[in-house]
Amino acid sequence: MSFKSGEPASNRSVSPSATVEERSRERDFLVFKPAETVDLSEAFFVSASYDGGRRAAFVKLYEPESKKIYFWYDNTGHKPYCLSDLPVEELRKIEPLVKHQGFDHLEEVTKVDSLRDKVLNMTKIVATDPLAIGGRPAGSIRDIIPKAWEADIRYYECFVYDRGLFPGMPYRVEGGSLVPVKPKLSEGVSKRLSEALASEPEEFGEFIRSLTDLFECRIPEFRRVALDIEVASDVPTRVPDPEGAEYPVVCATLLGSDGVRRILLLRREGVDSGPGFPEGVKVEFCDREVDLITEIFKALLDYPVVLTFNGDEFDLRYLYHRAEKRFKFAREQIPIELGKQFALLKYGVHIDLYKFFFNRSLQIYAFSQRYRENTLDAVGEALIGKAKIEFEGSLNDLAYSELAEYCYRDAEIAMELTTFDNDLVMKLILILTRISRMPMDDVCRQGVSSWIRSLMYYEHRLRNYLIPRSEDLLELKGMTSTEALIKGKKYKGAIVVEPRAGVHFNVSVLDFASLYPSIIKMYNLSYETVLCPHSDCRDNKVPDLPYWICKRRRGLSSLIIGAMRDLRVDWYKRVARDKSLPEPLRNLYNVVQLTLKVILNASYGVMGAEAFALYCPPVAEAVTAIGRYAFTKTIEKARSLGIEVVYGDTDSIFLEAPTAEQVDELVNWSREELRMELEIDKSYRYAAFPKLKKNYLGVYPDGTVDIKGMTGKKRNTPAFLQAAFMEMVRTLGEVQSPDDFEKARARIFDVVKTCYVKLKRREYPLEDLAFNIMISKPVEGYRKTTPQHVKAALLLQKSGIEVKPGDVISFVKVTSDLGVKPVRLTSSREVDVSKYMEYVQSTFEQVLDALGIDFKDIMGVTKLESFFGAG
DNA sequence: GCGGACTGCTTACCT
DNA sequence: ACAGGTAAGCAGTCCGCG
């Protein structure tokens, strides 16, 4: 497409000559007014919030036919409240309460106190608006009464829990009422499902059924738009400040899932047209920035889902302030709702993919650590193989088409991050929404502890359980009684077995299928069951801990985590692999099992995390104690069966050449004695262990190699060394029998020697020599020491390059005073060759150590330096 | 004044 | 703001060394 085919913004709605007031009035079409509730046959609950004007909770419903958002306002008269243990008469005497502006009325209620296992009479303090309960700096109801329960729950969440609504699920609107659409399971599926879970005890059955309703339900396609803006700025290395919003928005891309591909460009003096615009894109030139912004705002009022990468912090925030400060938009004319740390939309749902992909649990368990840096570039490259477009110098100097291309690519990456693998990300979000019972916007912005908190709160309300106050939980259950091995940690964790250093052939690795969730289920662990109030439970001891566990009642977290574990292991994991099922169904099942994995893997961790609302250290401590117990018993049993245990970590044990009978016997023993499922996870042709824990190399029968923990594989290791290391690994993959190691040794010698020679001759490009270390704090935050990567970062800053937490600092070791220098500021002759040689040696020694080869045997001398003569 | 032994900090990894 | 356990490399400190 040529430059000329660009056209001015269509539908320009504000005439250039109008006065400020006239323009403002003309802009009123941007004022968002939710349509009155209409009847709908099926629409998906995507979000909820509170409308201060109407004093009611509302729900955003996505209707997949029209692909629009509809608003449903609560018409059941639900009101905000909190709970008190004081009787109504007592509360009436508290004047500041009853005279409180937002006070509505008092109600007597009963609640189940699961901590003390009894029913309580309590008083519900009902208010007219959520801020009256809490949230005002002073004088909130929760601060007036001596002790308030359930006063920290956001109002719309409270509403969702009380009304038993399920975010993410379909509803119909009928005569103004919100009615769930019962999803229909196909007969085949429902039959197989009940067979698969037939052995479940009934106490789990009911909860499992409620979960399958959520998971088996279809997921709609979301009409969405990816938005990216570019802002001019005089300082090329600095991101413009979104609060000040001083610079003009010069370009924006609106890339819709519906085929819309628009690039909006601000016409400026002296800008070249450039080589050409991306194919099939509508390029629109705006003479005035305000028109460009108006076009973006129209899209924000049109699309039910808006995707950005860092829109919370930048794009939407910038647009908001730019519109308000520079163009005097009234708040109502801006379709964005700004919070301290997020930017939401008045009409649809804003998904900030930066926040989503930044989530550690998702990063590790859903995307298997495929990306590490949280930049659009890194995530895009890793997941969809698409990188940002690079350019030299300032964005201001780009020609129109270059700027457009750059901006367009970013939007493209954002969109494709939600479309790859059959819309995996959108589906993940929706399934998470259903599990956590949280609005979609919140799910994308919050961590796993919030998801689990929300799920737990919901189940409390469903059962009329009083949600315990954090301080009561801590006081009643106490802290921990074990000592961690690591300074600063709260309690003892897992066991790592000292490896039998050397090479072992035919190694089988057994592990417990989700050990911690299984323990939580089997041992009935939950905050209310550990150290329960019943004297007859006191003999039900946790091994090696002064704790007992309730025998009378099923703990709520045990029920929830146990059910999810079984559902994943016995149903979703299996059907996700079942080729006889239609592809779309299998795809859904895979998303479900992935999501369950994310939640389950974190379920133990949150119990020991202070930030978790139901934080209960003894529970976390009991989990690891039982884990250690099962683990050591299993190792003892294996050894008693005559099996050599060469290594083990937490829940996995490495057995040297066990017979099939031995493995069977161990697995059966575990099932019967421990009531835990032990299974073969993997088998190695051989495995090599250095003396170090959490370090090994395992070769599968087909020659592929597993490497764990070794320096050569770490991402901060210089590329040249990683490559040399991988070269050695390939050689080791070819080793079939002990005799083959001789050949491998010669090859390894070559690899190391080549490395050395190239270092010496300074033949490696500097980038290959760079250590890449992430800086986790602002540079000024390093008070106690100044690590090398921070030294390099300081040098970068001095040269005018901005360094932010999360940036990866690439630096080279040099001979000059500081010892390090950022790659981009270094020349090849400065490199400290002998330092690199030491590094080569230590990296290779890790593996050679395991193979029983001395480094000096390979090189003939102790140190590389002496091998080649003094450096 | 310098180097070894030590501790602590920081990062990246394993389960 | 899910947990604890392990390793590497370096920064910084203390102490001995007549």
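Heavy atoms only: backbone and side chains are in, while hydrogens, waters and symmetry mates are out. Chain identifiers are assigned alphabetically (A, B, ...) following the order of the sequence lines, protein sequences preceding nucleic acid strands; residue numbering begins at 1 within each chain. Source: prediction; values computed, not measured.
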(request) For A:Met774, report the nucleic acid contact type (base, sugar-phosphate, nothing); a contact means any heavy atom under 4.0 Å. (result) sugar-phosphate
(request) For A:Lys691, enumerate each residue passing the salt bridge (charged side-chain N to carboxylate O under 4.0 Å, His left out) test, keeping only those at least two apart in sequence or located in another chain. (result) A:Asp849
(request) Classify the nucleic acid contact of A:Phe771 as base, sugar-phosphate or nothing, counting any heavy atom under 4.0 Å across all strands shown. (result) nothing
(message) Tell me the interatomic distance from A:Glu838, atom CD, to C:dG9, atom P, rounded to whole angstroms.
(response) 9 Å
(message) If only side-chain N and O atoms count, and only distance matters, is there a donor-acceptor pair under 3.5 Å linking A:Thr482 with A:Glu621?
(response) yes
(request) Determine whether the aromatic ring centres of A:Phe631 and A:Phe512 lie less than 6.0 Å apart. (result) no
(request) With sequence neighbours excluded, tell me which residues meet salt bridge (charged side-chain N to carboxylate O under 4.0 Å, His left out) with A:Glu471. (result) A:Arg469
(request) Ignoring the backbone of A:Asn695, work out which of C:dA7, C:dG5, C:dC2 is nearest its side chain. (result) C:dA7
(request) In whole angstrom, give the distance that lies between atom CD of A:Gln846 and atom C1' of C:dA8. (result) 9 Å
(request) Assess the side chains of A:Ser834 and A:Asp832: does a donor N or O sit below 3.5 Å from an acceptor N or O? (result) yes
(message) Strictly below 4.0 Å, N to O, side chains only: are A:Arg639 and A:Glu636 in salt-bridge contact?
(response) no
(request) Could you check which residues of residues 677-693 of chain A get a heavy atom under 4.0 Å from DNA chain C? Sort them by number, please. (result) A:Leu692, A:Lys693
(request) Could you check whether A:Arg360 gets within reach of a base, just the sugar-phosphate, or nothing at all, counting any heavy atom under 4.0 Å? (result) nothing
(request) Provide, to the nearest angstrom, the distance between the CG atom belonging to A:Asp651 and the P atom belonging to C:dG4. (result) 17 Å
(message) Does A:Ile773 reach a base, just sugar-phosphate, or nothing at all? Heavy atoms under 4.0 Å.
(response) sugar-phosphate
(request) Go through the structure and list residues passing side-chain hydrogen bond (donor to acceptor under 3.5 Å, both in side chains) with A:His789, not counting sequence neighbours. (result) none
(request) Please state how far atom CZ in A:Phe612 lies from atom C1' in C:dG4, giving the value in whole angstrom units. (result) 18 Å
(request) Return no unless some side-chain N or O of A:Ser449 is found under 4.0 Å from OP1 or OP2 of C:dC2. (result) yes
(request) Have a look at A:Tyr491 and say if it touches a base, only the backbone sugar-phosphate, or nothing, with a 4.0 Å heavy-atom cut-off. (result) sugar-phosphate
(request) At the 4.0 Å heavy-atom cut-off to chain A, mark where contacts on DNA chain B begin and end, going 5' to 3'. (result) B:dG8 to B:dT15
(request) Have a look at A:Gly493 and say if it touches a base, only the backbone sugar-phosphate, or nothing, with a 4.0 Å heavy-atom cut-off. (result) sugar-phosphate
(message) I need the CD1-P distance between A:Ile486 and C:dA7, as an integer number of Å.
(response) 11 Å
(message) Any residue in residues 713-722 of chain A with a heavy atom nearer than 4.0 angstrom to DNA chain B? Just list them by number, or reply none.
(response) A:Lys713, A:Lys714, A:Arg715, A:Asn716
(request) Not counting sequence neighbours, which residues clear side chain to side chain contact (heavy atoms under 4.5 Å, CB included) with A:Pro805? List them please. (result) A:Pro778
(request) Taking only heavy atoms on the protein side, list every residue of residues 614-635 of chain A lying under 4.0 Å from any atom of DNA chain B, sorted numerically. (result) none
(message) Let me spell it out: for each of A:Ser603 and A:Glu498, pick the nucleotide of DNA chain C with the closest heavy atom. Which residue's pick is nearer the 5' end?
(response) A:Ser603
(message) According to salt bridge (charged side-chain N to carboxylate O under 4.0 Å, His left out), who are the partners of A:Asp706, at least two apart in sequence or on a separate chain?
(response) A:Lys682
(message) Holding to side-chain hydrogen bond (donor to acceptor under 3.5 Å, both in side chains), I want the full list of residues that pass it with A:Tyr516, two or more places apart in sequence or in another chain.
(response) none
(message) Before we go on, tell me: are the rings of A:Phe357 and A:Phe367 under 6.0 Å apart, centre to centre?
(response) yes
(message) Regarding A:Phe358, tell me which of base, sugar-phosphate or nothing describes its non-hydrogen contacts under 4.0 Å with the strands shown.
(response) nothing
(message) Checking A:Ser526 against A:Glu528: is there a side-chain donor and acceptor pair closer than 3.5 Å?
(response) yes
(request) For A:Lys487 and for A:Thr650, find the nucleotide of DNA chain B with the closest heavy atom, then tell me which residue's nucleotide is more 5'. (result) A:Lys487
(request) Please determine, for the side chain of A:Thr785, which listed nucleotide (C:dC10, C:dG4, C:dG12) has the closest atom? (result) C:dG12
(message) Let me spell it out: for each of A:Asn601 and A:Glu483, pick the nucleotide of DNA chain C with the closest heavy atom. Which residue's pick is nearer the 5' end?
(response) A:Asn601
(request) Nearest whole angstrom, please: distance from the P of C:dG12 to the OH of A:Tyr782. (result) 14 Å
(request) To the nearest Å, give me how far apart CG (A:Leu600) and C1' (C:dA3) are. (result) 15 Å
(message) Between A:Lys490 and A:Glu483 (salt bridge meaning N to carboxylate O under 4.0 Å), is one present in this structure?
(response) no
(message) List the residues meeting salt bridge (charged side-chain N to carboxylate O under 4.0 Å, His left out) with A:Glu644, not counting sequence neighbours, and say none if there are none.
(response) A:Arg500
(message) For the CG atom of A:Leu545 and the CD1 atom of A:Ile626, what is their distance to the nearest 0.5 Å?
(response) 8.0 Å
(request) Could you tell me whether the phosphate oxygens of C:dC10, OP1 or OP2, come under 4.0 Å of any side-chain nitrogen or oxygen in A:Lys791? (result) no
(request) Could you pull out all residues at least two apart from A:Phe725 that satisfy ring-ring contact (aromatic ring centres under 6.0 Å, His included)? (result) none
(message) Nearest whole Å is fine: how far is C:dA3 P from A:Ile520 CD1?
(response) 14 Å
